[in-house]
Protein chains: 2
Amino acid sequence: MRKGEETRAKILDAAEISVLAKGFGGTSIDELIAETGITKSGFFYHFRDKNELAKALLERYVENDERIYDEIFSRARELADDPLQAFLLGLKLLSELLSDLPNGHPGCLVAVVCSHERAFDRDIQEINRQAALMWRRRFGAMFRDIMRVYRPREPLDVDQLADMVSTVIEGGIILSKALKEPKNLPEQLLVFRTFVRLLFQPSAA
Amino acid sequence: MRKGEETRAKILDAAEISVLAKGFGGTSIDELIAETGITKSGFFYHFRDKNELAKALLERYVENDERIYDEIFSRARELADDPLQAFLLGLKLLSELLSDLPNGHPGCLVAVVCSHERAFDRDIQEINRQAALMWRRRFGAMFRDIMRVYRPREPLDVDQLADMVSTVIEGGIILSKALKEPKNLPEQLLVFRTFVRLLFQPSAA
DNA sequence: GCCGTTTCCCTACCGTTGGTACAGTTTCCG
DNA sequence: CGGAAACTGTACCAACGGTAGGGAAACGGC
């Protein structure tokens with residue numbers, strides 16, 4: 001059992017790098033088995049077909065993503081008592097984390113799936129949807145906490161505000177890649193941070 | 001010459017729909033020639049290979065994109081004298097336009113290219129970069145106009161602010177697709193609009 | 001109404017890729 | 001030691017991107 005999971009992980013590692021660089025269509029199984037040092041039969045022992053590889057890949061990616069958010073925002077919550085300050089700190093920590101990636105963010109699998117839509121079955125699209133909903137719940141809860149203490153200067157829907165976090169991250173990844181400016185994503189996050197600060201700043205003190 | 005361009009356009013039309021739905025890898029030439037009612041030789045008469053199809057597709061897409069932005073924001077500029085009001089109106093017009101698409105935004109080719117990076121040559125990546133830079137210049141000019149009249153409540157880099165427009169649109173497209181909520185993109189645009197209004201609202205009047 | 005260019009069609013072929021089938025073998029663990 | 005898990009090897013298939021080359025309509029200009 002241990003050995004199997006190890007090989008599986010190696011395949012997924014190679015697949016993730018390739019898929020984020022070349023898309024699913026551009027990632028060949030032959031390439032993956034060469035990278036992993038496995039045979040074709042070995043590959044199909046672990047994954048029935050490419051779709052199942054995609055599914056496992058996306059599941060693992062989303063889990064890992066959630067873990068990173070958990071770490072960053074729970075740490076921010078420890079360092080700041082105030083929910084607004086904690087959130088603003090979390091955004092800053094996230095921005096710094098993204099800034100430290102030497103080649104910029106490698107890309108988001110959720111976005112890759114979105115730009116391949118019809119190529120995947122409903123299972124995968126549902127995982128994708130659930131991932132986006134988890135982000136909404138996560139950041140929505142934070143904004144609700146904030147609104148218990150602060151009144152926004154403009155009335156905004158909490159879910160839409162929560163989605164804005166994901167929007168800025170996903171959009172930032174794309175713009176960073178298009179412009180070939182890795183710093184763009186962390187910068188955009190900080191611009192959004194400024195907007196949030198502005199929104200909850202007490203008006204006319 | 002006329003006939004040739006017509007066929008070419010038909011191929012590009014079919015390709016655009018398919019690529020936005022299934023990605024480049026998922027779009028087969030056989031499928032395109034079936035859709036267009038052309039033969040394989042006919043296809044390769046128009047495009048040397050798939051990469052050149054991608055290039056032509058992206059070029060056409062970016063041009064069309066620019067035209068839409070031109071129309072919307074020049075109309076907004078006609079309707080409002082004030083640069084801030086014109087920009088806010090432009091965002092609203094854009095949001096309404098996106099709202100009227102029954103199946104939501106079909107997807108952005110610039111984003112598709114970003115999630116396929118290494119699969120394309122430098123030509124295509126350069127077109128993509130130039131497109132993002134054109135967006136930056138376009139919205140940057142608008143924010144500069146605004147700042148000649150209004151003082152932002154928080155100091156923000158103009159280019160970063162301009163990039164935020166593209167970020168929100170690209171990110172909104174992805175989130176709309178992931179969540180299968182077409183209204184998400186126009187909503188996110190309006191949230192961003194609120195942020196911009198807040199940023200340039202005279203403080204403590 | 002002829003001529004050349006543009007715009008295709010037809011046929012045949014090639015290497016790569018995703019995937020199937022299935023028999024045999026090694027590795028691990030209880 | 002035995003049996004399950006984790007593979008290997010070989011052979012095969014259809015779909016796809018792409019090449020090669022020989023035609024044939026259709027169109028425009030003169």
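Computed from heavy atoms alone, side chains included, the values below leave out hydrogens, waters and symmetry copies. Quantities reported herein were computed from a predicted structural model and do not represent experimental measurements. Every chain is numbered from 1 and lettered A, B, ... according to where its sequence line falls, protein lines coming before strand lines.
- Proximity of B/Ser28 to the phosphate of D/dA15: no side-chain N or O atom is located under 4.0 Å from OP1 or OP2.
- The aromatic rings of A/Phe195 and B/Phe195 sit parallel, their planes meeting at an angle under 30°, below the 60° perpendicular limit.
- Whole-Å rounding puts the B/Ile33 CD1 to D/dG18 P distance at 13 Å.
- With C/dG19, D/dG17, D/dC7 as the candidates, the nucleotide lying closest to the side chain of A/Ile38 is D/dC7.
- Between the CG atom of A/Asp30 and the P atom of C/dG15 there is a distance of 15 Å, rounded to whole Å.
- Close to D/dT10, at under 4.0 Å from its OP1 or OP2, lies no side-chain N or O of A/Ser41.
- A/Arg8 comes within contact range of no nucleotide atom at all, as no heavy-atom separation falls under 4.0 Å.
- Nucleic acid contact class of A/Thr27 (heavy atoms, under 4.0 Å, all strands): sugar-phosphate only.
- Classification of A/Lys10 and A/Glu5 as a salt-bridged pair fails, no side-chain N sitting under 4.0 Å from a carboxylate O.
- In this structure, B/Lys22 pairs ionically with B/Glu31, as a charged nitrogen and a carboxylate oxygen lie closer than 4.0 Å.
- Rounded to an integer number of Å, the gap from CG of A/Leu32 to C1' of C/dT17 is 12 Å.
- Using the six-membered ring where Trp is involved, A/Phe200 and A/Tyr150 have ring planes that are perpendicular, over 60° apart on the 30 and 60° scheme.
- Listed pair B/His46 / C/dT7 fails the phosphate criterion, with no side-chain N or O lying under 4.0 Å from OP1 or OP2.
- Contact between the side-chain N/O atoms of B/Tyr45 and the OP1/OP2 oxygens of C/dC8 is not found at any separation under 4.0 Å.
- Between B/Asp159 and B/Arg144 there is a salt bridge, since at least one side-chain N of the basic residue sits less than 4.0 Å from a carboxylate O of the acidic one.
- Each of D/dG9, D/dG18, C/dG19 was ranked by its minimum atom distance to the side chain of B/Lys50; first place goes to D/dG18.
- One atom, CZ of A/Phe43, and another, P of D/dA6, lie 16 Å apart when rounded to the nearest Å.
- Atom CZ of B/Phe24 and atom C1' of D/dG17 are 14 Å apart (whole Å).
- Checked by distance alone, A/Lys40 brings a side-chain donor or acceptor within 3.5 Å of a matching partner on the base of C/dG19.
- Between B/Glu31 atom CD and D/dG18 atom C1' the separation is 17 Å, expressed in whole Å.
- Between A/Glu6 atom CD and D/dC7 atom C1' there is a gap of 14 Å when expressed in whole angstrom units.
- In this structure, B/Glu52 atom CD and D/dT19 atom P are separated by 11 Å, rounded to whole Å.
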